[in-house]
2 protein chains.
Amino acid sequence: MKKTVTAKDVAKLAGVSQSSVSRVYFTGAAVSEKTKKKVLAAAAELGYHPNEFARSLITNRTKIIGLVMKGVQNPFYPQVLSQFTAEFKKWGYSVLFVHTNNEEIQNEDVETLLNYNVAGVIITDATMSLKVAKSFKNNEIPLVFFNRKIHTNDFYSVSCNNLNASRRIAEFLLAKGGTSMVYLAGNEQTSTSREREEGFTEILSDHNISYKKYSSDFTYEGGYHTALEIVKHQLPSAFFVANDIMALGVLDALRKKGIRVPEDTKVVGFDNIEMSGWPAYQLTTWEQPINQMVEKTVNYLLKEMANYTGMARTVEVEGSLIERKTT
Amino acid sequence: MKKTVTAKDVAKLAGVSQSSVSRVYFTGAAVSEKTKKKVLAAAAELGYHPNEFARSLITNRTKIIGLVMKGVQNPFYPQVLSQFTAEFKKWGYSVLFVHTNNEEIQNEDVETLLNYNVAGVIITDATMSLKVAKSFKNNEIPLVFFNRKIHTNDFYSVSCNNLNASRRIAEFLLAKGGTSMVYLAGNEQTSTSREREEGFTEILSDHNISYKKYSSDFTYEGGYHTALEIVKHQLPSAFFVANDIMALGVLDALRKKGIRVPEDTKVVGFDNIEMSGWPAYQLTTWEQPINQMVEKTVNYLLKEMANYTGMARTVEVEGSLIERKTT
DNA sequence: CTGAAAGCGCTTACAG
DNA sequence: CTGAAAGCGCTTACAG
């Protein structure tokens with residue numbers, strides 16, 4: 001039998017009421033210094049910790065944020081995870097990590113989030129059906145789509161201004177004198193991949209530059225093998241690759257084929273993950289300002305958790321081009 | 001006001017008692033098919049989810065595993081995280097992600113774990129003072145040090161057999177005909193780095209091969225800059241680098257200096273992270289069998305959570321050498 | 001198999 | 001500022 005030390009035990013030892021013990025641990029409650037001292041001494045002696053579950057049960061709110069993530073292989077996401085965790089820690093919130101293997105978040109994961117009555121939810125690179133998203137709305141649990149946009153205007157989303165970023169990438173590549181280009185898509189179901197394509201091809205069309213689209217899956221392997229396929233047929237003057245990890249695969253494929261970058265062709269990625277700056281790659285890319293994106297997400301969630309309104313908005317941050325050696 | 005749907009609401013609609021509703025959601029309880037049907041229909045209509053907090057309060061056990069992690073930059077750890085999450089999900093456990101920036105787990109994080117009354121704790125690349133570790137013992141919360149050993153025999157730890165692995169790496173390098181070697185340490189406070197050094201240098205000493213030790217910090221940057229420093233003075237016939245991510249830095253530093261691998265010198269890493277197999281690196285390394293390590297950890301935790309004994313053991317798994325192009 | 005009731009460890013009006 | 005008491009949403013003996 002596990003003997004848990006409760007507020008009652010502490011109260012007994014300290015010679016005060018259980019309510020007073022509770023007040024010591026509840027920020028904002030009124031307790032005298034004297035009582036506080038007695039209670040803390042007794043608590044230290046017994047090794048008391050307020051039970052977060054009992055607390056949550058009575059306040060009907062938790063200090064848990066559900067963070068849903070899929071692509072742990074892409075260094076972008078672990079970084080997002082650690083930044084969220086660090087930021088929420090400042091506010092006393094903990095992160096429940098939900099990992100989906102599937103593209104779409106599974107029912108059992110949704111159950112978990114609902115059962116734990118999480119204070120808020122962040123969806124990163126997974127998708128969520130509108131029906132499921134609505135069930136969070138019904139429970140007044142604020143939800144943010146991070147780095148993904150959603151079709152309807154019913155939810156809050158934070159992402160990079162992909163449209164503008166990819167337009168500027170197209171202009172940048174155009175200025176370098178390209179004549180034929182390739183857009184290498186990630187998972188085409190994602191808004192991320194689609195928007196980056198849209199902005200890029202829009203500018204190219206304006207300038208009558210031919211381009212071809214290939215599809216892959218946002219992974220290194222995908223980038224590598226697709227690039228190998230592509231160069232069998234043609235060598236475009238530049239590749240715009242939907243994210244960095246794929247772009248690294250493209251670079252390695254080109255290197256294997258003896259194709260020099262940036263002399264023979266050019267490559268631009270998206271994300272600015274740490275590895276893109278490594279000497280072996282030196283990838284030109286678009287930096288997503290994770291800090292800002294995290295901050296906007298946390299601020300929204302904090303506000304909604306304090307006072308739920310269900311407010312929806314599509315927030316976009318700009319970011320900037322990081323020019324390195326592949327262009 | 002948030003209106004939570006409770007078992008009572010469901011009971012009313014279904015025309016049964018609240019206890020019956022409870023029984024439907026508690027696996028193992030006896031309920032008739034008829035009652036179950038009525039309850040599930042009512043629950044679906046109302047959108048009911050059993051409150052995990054109330055449940056935990058009464059059973060005095062949670063389904064939350066605290067996972068403490070520091071080095072999210074090293075791809076080894078995100079992989080560990082996702083494997084643990086996937087494995088525990090099978091058993092109905094969720095993962096509370098605790099990220100420390102500091103080497104040692106901070107007090108507030110310990111508080112969090114204790115407050116949430118987690119069912120078990122996994123410490124990966126962070127350290128934990130014995131005093132703190134004991135407080136988990138006092139609360140009968142099973143604890144595993146993952147990929148780290150602890151000085152005393154009071155705790156369960158799961159790691160690779162670093163001693164044997166590094167001995168075999170030394171022998172392997174010796175067979176390649178090296179005459180002077182370098183061991184590039186990670187954080188020297190870690191058992192991981194120290195053991196890898198010990199096994200490696202033991203064999204070298206036996207064969208009267210000179211070696212030199214340099215210290216770094218288990219990061220890519222650390223490996224890169226330290227290697228640059230090293231080759232200013234000498235070019236050893238081989239580097240044994242305490243983990244892969246540092247070894248990748250070493251390879252990039254050598255490449256920058258025009259030093260050919262494996263012709264001019266050789267490099268061996270440790271972990272076998274995904275990137276080590278990428279064409280740009282093709283690093284020879286020691287594969288840590290994450291699957292086995294995770295499995296042993298989960299099995300132990302599951303057993304202890306069912307029936308706490310406080311059993312301590314140091315478990316080691318073997319792994320194997322992956323020979324690629326850097327040797 | 002089912003219901004009424006006690007109780008998990010807290011917070012929070014309510015009096016004083 | 002403090003204590004006695006109600007109650008959060010469940011599980012679980014206890015009867016029937």
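Labels below follow one simple rule: chain letters A, B, ... track the order of the sequence lines, proteins then strands, and each chain is numbered from 1.
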- Task: Tell me which of A:Ser19 and B:Ser20 sits closer to the 5' end of DNA chain C, going by the nucleotide each one is nearest to.
- Result: B:Ser20

- Message: Between P on C:dG9 and CG on B:Leu57, what's the gap in Å once rounded to a whole number?
- Response: 7 Å

- Task: Would you indicate whether the side-chain heavy atoms of A:Ile105 and A:Leu113 approach each other to under 4.5 Å?
- Result: yes

- Item | Nearest listed nucleotide, side chain of B:Arg23, among C:dC8, D:dC10, C:dG3 | C:dG3

- Checking C:dG9, D:dC1, D:dG3 against the side chain of A:Val16 (C-beta onward), the nearest is D:dG3

- Message: Is A:Ser32 close enough to D:dC1 that one of its side-chain N or O atoms is under 4.0 Å from OP1 or OP2 there?
- Response: no

- Starting from P on D:dG9, measure out to CG on A:Asn115 and report it in whole angstrom. 15 Å

- Whole Å only: how far is the CG atom of B:Asn60 from the P atom of D:dT12? 11 Å

- Item | Heavy-atom neighbours of B:Lys89 NZ exceed 12 at 6.0 Å | yes

- Task: Select base, sugar-phosphate, or nothing to describe what B:Glu52 touches, counting heavy atoms under 4.0 Å on all strands.
- Result: nothing

- Item | Nucleotide C:dC10, atom P - distance to CD of A:Gln18 in whole Å | 7 Å

- Would you mind classifying the nucleic acid contact of B:Ala7 as base, sugar-phosphate or nothing, using non-hydrogen atoms under 4.0 angstrom? sugar-phosphate

- Send over the distance from A:Arg55 CZ to C:dC8 C1', rounded to a whole Å. 16 Å

- Item | Atom pair CG/CG of B:Asn139 and B:Leu114 - distance to nearest 0.5 Å | 5.0 Å

- From the options C:dT11, D:dT2, D:dG9, select the nucleotide whose nearest atom is closest to the side chain of A:Thr59. C:dT11

- Task: Report yes or no: does B:Ser159 contribute a side-chain atom to a donor-acceptor pair with the main-chain N or O of B:Glu316 at less than 3.5 Å?
- Result: no

- Query: Checking all strands, does A:Val21 fall into the base, sugar-phosphate, or nothing category for heavy-atom contacts under 4.0 angstrom?
  - Reply: nothing

- Message: Measure OH/B:Tyr25 against P/D:dC10 and give the value in whole Å, please.
- Response: 10 Å

- Query: Roughly how many Å is it from CD in A:Glu33 to P in D:dT2, rounded to a whole number?
  - Reply: 10 Å

- Any A:Tyr48 side-chain nitrogen or oxygen under 4.0 Å from OP1 or OP2 of C:dC10: yes

- Can you tell me the distance, in whole Å, between the NZ atom of B:Lys12 and the P atom of C:dA4? 14 Å

- Choose from C:dT11, D:dT11, D:dG9 the nucleotide whose nearest atom is closest to any side-chain atom of B:Phe26. D:dT11

- Message: Less than 4.0 angstrom between a side-chain N/O of A:Ser17 and OP1 or OP2 of D:dG3, yes or no?
- Response: yes

- Would you verify whether the NZ or CZ of B:Lys137 falls within 45 degrees of the ring axis of B:Phe155 while also being under 6.0 Å from that six-membered ring's centre? yes

- Candidates C:dC10, D:dC10, D:dT2 - which lies nearest the side chain of A:Ile58: C:dC10

- Item | Atom CD of A:Gln189 with >12 non-hydrogen neighbours under 6.0 angstrom | no

- How would you label the contact of B:Ser22 with the nucleic acid (heavy atoms, under 4.0 Å): base, sugar-phosphate, or nothing? base

- Note on the structure: Per atom distances to the A:Asn51 side chain, the nearest of C:dC1, C:dC10, C:dT12 is C:dC10

- Message: Need the pair for C:dG16. Rule: Watson-Crick or G-U wobble, both distances under 3.5 Å, any strand; none if unpaired.
- Response: D:dC1

